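Heads up, the thing below is written out as structure tokens.
Not measured: the values here are computed from a predicted model.
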Amino acid sequence: MKDYQWEVSGDYKMVQPALVVYNDKKEVIAETTWSWKTMGLDPDKLESGTRVNTQAWEGEPVKQVKLVTMRPVMSDLLAAIQEKRAVKLASTHKKW
């Protein structure tokens with residue numbers, strides 16, 4: 001995604017969230033590592049309005065939300081580490 005210059009706040013640098021988990025040997029646990037770049041998306045096709053599917057939660061349908069709202073669910077982190085799986089993702093905004 002391009003960085004934009006905003007009139008109000010000056011240069012805006014895109015900062016992207018990431019999650020990296022290490023084991024007790026100081027090695028990265030690949031299964032629980034997450035960022036927008038690990039979601040299998042083509043970086044050349046990402047735009048500010050890019051939408052991705054949310055994950056299905058119990059009783060909730062899968063829906064499209066803006067990529068910039070996707071975050072790991074921290075309450076799922078311990079279980080994800082113990083089960084050696086990706087941490088669940090959710091949108092920070094229910095309406096997007």
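Pairing each heavy atom of Lys66 with each of Thr69, the nearest pair is O-OG1, 2.7 Å. Residues Ala80 and Val87 share a closest heavy-atom pair of CB-CA, 3.8 Å. Summarising the geometry of Pro17 relative to Met70, their closest heavy-atom pair is CG-O, 4.4 Å, with the distance given to 0.1 Å.
Taking 4.5 Å as the limit, every side-chain heavy atom of Val52 sits out of range of all side-chain heavy atoms of Leu89. Considering only heavy atoms from C-beta on, Asn53 comes within 4.5 Å of Gln64 through its side chain. The side-chain heavy atoms of Thr50 and Lys45, taken from C-beta on, include no pair separated by under 4.5 Å.
Tyr22 and Met74 are assigned to two separate hydrophobic clusters, defined by single-linkage of ILVMFWY side chains at heavy-atom distances under 4.5 Å. In terms of hydrophobic clustering, with Ile, Leu, Val, Met, Phe, Trp and Tyr side chains grouped at heavy-atom distances under 4.5 Å, Trp34 and Val28 are assigned to different clusters.
A distance of 9.5 Å separates CD1 of Ile81 from CG of Asp76, quoted to the nearest 0.5 Å. The CG atom of Leu78 lies 9.0 Å from the CD atom of Glu83; values are rounded to the nearest 0.5 Å.
Checked by atom type and distance alone, the side chain of Arg71 pairs as donor or acceptor with a backbone atom of Val68 at under 3.5 Å.
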